[in-house]
Amino acid sequence: MTNKTYDELWRSTQGELRHILESETVEETTTLEQERLVAVQKTSNLYLRYIQISNKLTDCHENILQPQKRRILQKLVDNCIGRTLELKHELVGLEFSEVHYLDELLLEMKLIPDQMNIKIPAYFNEKTRDEQEKLSLIKELLRYLSNEAPCKYWESQRMTEKEALRIILIHEEARQGREAFLEAQRLFEIKEENRLKECRKNMRKAIPDDMAAIRIQRAWRWFIFHKKFRSVYDAEMKLLRMQPSVTEKGESYQAFQRLKELKKNRQDLILKNEIEYLESIKEVQKEIETYHAPQAMEDLQIRIRDYFENYRETHGEYPTYPTDEEGGSAAMLKEMASSDIDQEKIKSDVIIKEKVVVDKKEHKEAKEDEEPTGYVFKTSKYVPELIELSKEYDKVWKEKEILGIFDKYDEEMIRKEAFQEMETAVRLQTDKIMREELYRLTEAFEKDLGKKGKKGGKKGRKKGGKKEKGKGKGKGKKEKDLTPNRSFESLVEELIKERIIVHYPEFSLSDFIGDYNYVGSSLDLENDPEKDAMPCLGDIRRIINEYCILPMGSPGIHSKGAYVKSLLIAGPPGVGKKSLIYAICSEIGATLIDLSAKNVNGKYPGKEGMDMLTHLVYKVGKLAQPTIIHISDAENYFWKKQPTNGILVEAMRLKKELPKLIKPIGNDDRLMVIGTTVTPFDVDLKGLSSCYSKIICILAPDHNCRRALWSEMILKRKGIITSELGLSTLCGVSDGFTARHIKYAVEQVLTDRRLSLQKKIPLSATEFVPFLSDCTPVSHEENEEYRIWLTKMPLQKKRIKVLKDESGEVIEDAKNKEKSNDRKSFS
């Protein structure tokens with residue numbers, strides 16, 4: 001796609017965004033909806049529309065070459081995703097469920113379930129220089145301080161001659177052994193070949209020639225028949241578009257490779273344009289600072305001095321210089337300009353303002369009289385900025401032409417922004433100089449008048465911003481820094497040595513394989529909470545993306561409140577809980593901190609030690625954000641009855657500290673606590689639900705998920721899926737088995753030798769079954785136990801209550817209708 005195509009895509013997407021923003025601002029006056037289902041419908045519609053817009057804007061950001069356009073696009077993407085997440089939380093509050101099945105709405109909007117997924121922008125992994133340095137430092141320390149490293153990075157160990165000689169001798173003996181083995185193998189093969197030749201010479205005919213010919217012909221005819229049958233079958237399947245031909249597979253693979261190469265070239269061009277843009281900014285700033293800044297400073301000083309003299313002539317004293325917080329010289333000169341405004345205009349403005357105030361009061365009184373009924377939608381924190389960005393697009397970029405083939409930066413815009421920055425810097429510097437000058441002028445003026453110690457001039461010298469004594473009391477004590485004189489490197493080093501900061505493997509969210517629940521909406525229509533549809537692996541992947549990756553990936557999204565502080569993932573072993581943790585960290589480039597009970601046990605003993613641990617975790621987590629705090633076996637902190645003889649008794653100290661760690665997480669702190677548990681049944685549900693704001697349950701994969709797991713894992717291991725495999729049979733046989741079990745079976749079967757033979761001997765389901773029998777499946781009773789446990793959670797309790805109330809109202813309405821019909825028929 002060309003630059004023009006992506007510009008047109010951005011223009012059309014901007015039109016959709018403008019339309020949806022207009023509808024949102026119009027509906028602000030009617031924020032109350034009488035029926036819950038109507039509110040759900042409207043919110044779901046907005047939710048899906050914002051997902052489509054954010055995905056299109058993400059595509060534009062990843063492919064548009066112009067660096068200035070990419071900056072406004074990044075802000076648009078952040079705010080669109082933020083608004084989507086706001087609507088997601090609204091839906092959770094309306095439906096009392098973490099998963100939403102919007103099948104009917106998807107059909108109405110002509111979308112597929114995959115289009116409900118929000119794309120993860122590529123810039124989530126783009127770090128600032130400071131963040132990159134911290135991340136590289138943590139990776140370097142993890143590499144050197146792990147047990148796998150031969151020596152510690154701070155120790156310079158030198159190998160002795162004796163050790164070096166021993167290593168050389170070991171390698172030499174190994175080389176000689178390999179040569180002797182290869183020579184013996186060659187002689188054995190020659191001897192075996194000669195033996196087989198002798199055997200063939202002495203071999204007698206077991207059957208006559210005519211019988212041998214018949215057997216050969218029979219085998220050949222069987223082979224020809226099956227070959228023709230297979231070609232007819234493949235042609236029929238191709239006609240029905242159920243099985244692509246080999247040529248189509250080859251063509252699609254070549255097209256995929258070409259597309260991959262084109263994307264790489266486009267990313268290289270984006271990077272090149274970005275470097276040129278940053279270099280141009282430096283050059284323009286240098287030029288302005290050298291040639292324009294001194295003149296601008298001199299002009300500003302002349303204007304301020306004129307203001308001083310005019311003020312002295314009018315008031316008989318010099319003015320008070322405004323502080324930087326009040327606006328400095330800009331506020332002072334603005335006051336001078338506003339003094340020339342016509343008095344009649346001021347009076348008319350006052351009258352208009354009074355009318356507006358009266359109208360507002362009347363409107364408020366009318367609103368107070370009305371009793372708010374129905375569901376109230378919260379005011380969005382992202383829509384105002386989206387409106388401003390939309391106006392900026394219309395003003396600057398809508399009619400702007402593409403600059404050349406590679407759409408490079410606009411120097412005129414760089415110069416304009418640089419002048420604005422220069423004016424701000426010059427004003428601050430000039431204010432500093434002119435405050436001193438005003439102080440000296442005031443002193444000299446007071447001396448001439450014979451006055452003593454008038455304080456007006458000192459106010460002008462005040463650099464401002466200091467709070468009055470006692471101001472700010474009652475807002476809570478500032479947290480004491482237990483490590484004031486320690487560097488970031490030393491803090492990270494300590495946590496790595498104690499295995500609190502841990503390494504994680506690279507794992508993409510797309511590697512978490514699974515399909516969606518396609519019958520969720522039909523089960524929800526029954527309004528029976530006990531028969532609620534459970535999310536499949538594809539739905540879980542979407543939830544993790546919306547709750548963890550998207551808000552944690554960008555400060556622009558996180559800073560306005562659409563985030564989750566803590567999350568609990570429950571499910572049987574092998575369903576992919578740890579894989580999801582690794583996917584979250586890999587997608588956003590996060591630091592992983594392990595606060596599991598087994599890991600913390602025996603470390604940082606006593607009350608002071610626990611205070612130090614929580615302080616280090618919170619401090620390093622904020623400095624190295626985004627940070628994921630993982631707690632595996634989360635049930636260990638919430639047992640109803642604490643085990644007395646268990647090895648984890650000491651680690652229970654962290655139970656009281658966890659809420660204190662989660663509570664202070666703010667908009668600027670990209671920290672998140674994620675717990676995983678296998679046995680959440682016998683724990684204190686009140687403590688667990690108060691600590692984790694969101695709870696997700698993953699069950700064993702259903703038939704669709706198992707089909708996706710088998711096919712994807714076999715293809716990743718370079719296996720060939722044919723009709724002989726019997727994929728449906730394999731999915732049926734593996735009922736109850738998790739992703740870990742399927743992965744184990746695939747790895748055991750698809751060895752290098754088996755892969756080399758699969759063209760002659762196609763894969764079959766019987767090869768995988770013996771290895772599945774080595775694993776223990778998840779029973780239906782265990783799945784039911786997780787479902788029952790989930791109904792005891794606060795959100796599910798609210799859902800059960802609301803659905804029962806609504807079903808009761810429906811029954812009453814139906815009874816009243818029947819009674820009225822009976823009366824009519826009787827009359």
Side-chain angles (χ1 to χ4, degrees), residues 66-75 128-130 274-312 318-341 384-385 387-400 403 408-442 457 459-466 555-556 559:
Q66 221 269 7
Q68 290 150 308
K69 291 179 183 177
R70 285 169 55 78
R71 275 156 176 75
I72 186 175
L73 273 167
Q74 183 169 332
K75 292 178 184 177
T128 62
R129 184 177 293 178
D130 187 35
E274 185 71 20
I275 292 167
E276 289 178 0
Y277 171 67
L278 295 174
E279 288 175 355
S280 177
I281 287 175
K282 288 179 182 177
E283 289 175 4
V284 170
Q285 284 177 345
K286 189 176 179 181
E287 179 192 339
I288 289 171
E289 286 172 7
T290 307
Y291 298 106
H292 301 280
Q295 184 63 41
M297 185 181 288
E298 189 178 340
D299 294 342
L300 185 59
Q301 287 177 357
I302 292 168
R303 289 176 64 197
I304 292 170
R305 287 191 187 103
D306 291 343
Y307 175 76
F308 290 165
E309 294 303 320
N310 292 335
Y311 191 93
R312 185 181 61 80
Y318 282 104
T320 301
Y321 209 102
T323 61
D324 290 336
E325 288 78 9
E326 293 169 350
S329 58
M332 192 166 58
L333 295 173
K334 188 178 179 182
E335 184 184 344
M336 181 179 70
S338 63
S339 63
D340 298 332
I341 298 173
E385 190 169 348
I387 293 169
E388 292 300 319
L389 290 168
S390 187
K391 288 177 182 176
E392 184 182 343
Y393 171 79
D394 292 339
K395 184 180 178 182
V396 180
W397 299 107
K398 188 174 183 180
E399 304 299 331
K400 203 169 188 68
L403 302 172
K408 295 189 177 183
Y409 59 87
D410 188 342
E411 191 172 347
E412 189 178 328
M413 290 181 68
I414 294 173
R415 195 170 289 279
K416 188 177 178 182
E417 289 172 5
F419 267 108
Q420 290 175 353
E421 290 175 5
M422 181 268 293
E423 286 173 2
T424 306
V426 162
R427 184 182 64 77
L428 292 172
Q429 195 174 353
T430 305
D431 286 354
K432 190 176 180 182
I433 296 167
M434 297 309 293
R435 279 193 185 95
E436 295 293 335
E437 188 173 325
L438 179 62
Y439 177 72
R440 289 195 298 271
L441 284 170
T442 306
K459 284 183 185 177
R461 198 183 185 191
K462 185 180 176 183
K463 294 188 180 178
K466 288 186 180 179
S559 62

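From a predicted model like this one, the values you see are computed outputs, not experimental measurements.
Between the OH atom of Tyr277 and the CZ atom of Arg70 there is a distance of 11.5 Å, given to the nearest 0.5 Å. To the nearest 0.5 Å, atoms CZ (Arg435) and CG (Asp324) are separated by 4.5 Å. We find the CD-CG distance between Gln301 and Asp431 to be 10.0 Å, quoted to the nearest 0.5 Å. To the nearest 0.5 Å, the span separating CE on Met422 from NE2 on His292 amounts to 7.5 Å. In this structure, the separation between OG on Ser390 and NZ on Lys395 is 13.5 Å, given to the nearest 0.5 Å. In this structure, the separation between CD1 on Ile281 and CD on Glu417 is 7.0 Å, given to the nearest 0.5 Å.
At a threshold of 4.5 Å between non-hydrogen side-chain atoms, the residues Met434 and Tyr307 do not count as touching. Considering only heavy atoms from C-beta on, Ile414 comes within 4.5 Å of Gln68 through its side chain. A heavy-atom distance below 4.5 Å is found between the side chains of Leu389 and Glu392. Inter-residue side-chain proximity for Glu412 and Arg415 is flagged as unmet; no heavy-atom pair is nearer than 4.5 Å. Within the 4.5 Å cutoff, no side-chain heavy atoms of Gln420 are placed close to those of Thr424.
The two residues Glu437 and Arg305 make their nearest non-hydrogen contact at OE2-NE, 2.8 Å. Listed here is the closest heavy atom pair of Leu438 and Tyr318: CD1-CB, 3.8 Å. Summarising the geometry of Ala296 relative to Val426, their closest heavy-atom pair is C-CG1, 4.1 Å, with the distance given to 0.1 Å. Listed here is the closest heavy atom pair of Glu411 and Val284: OE2-CG2, 4.4 Å.
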Tyr321 and Ile304: CA distance, side-chain angles, deciding distance, side chain to side chain contact (heavy atoms under 4.5 Å, CB included) verdict: CA-CA 10 Å; Tyr321 209 102; Ile304 292 170; 3.6 Å; yes
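Looking at Arg71, its side chain does come within 3.5 Å of a backbone N or O of Pro67 through a donor-acceptor pair.
Counting non-hydrogen atoms of other residues, nucleotides and ligands closer than 6.0 Å to CD of Glu309 gives a total above 12.
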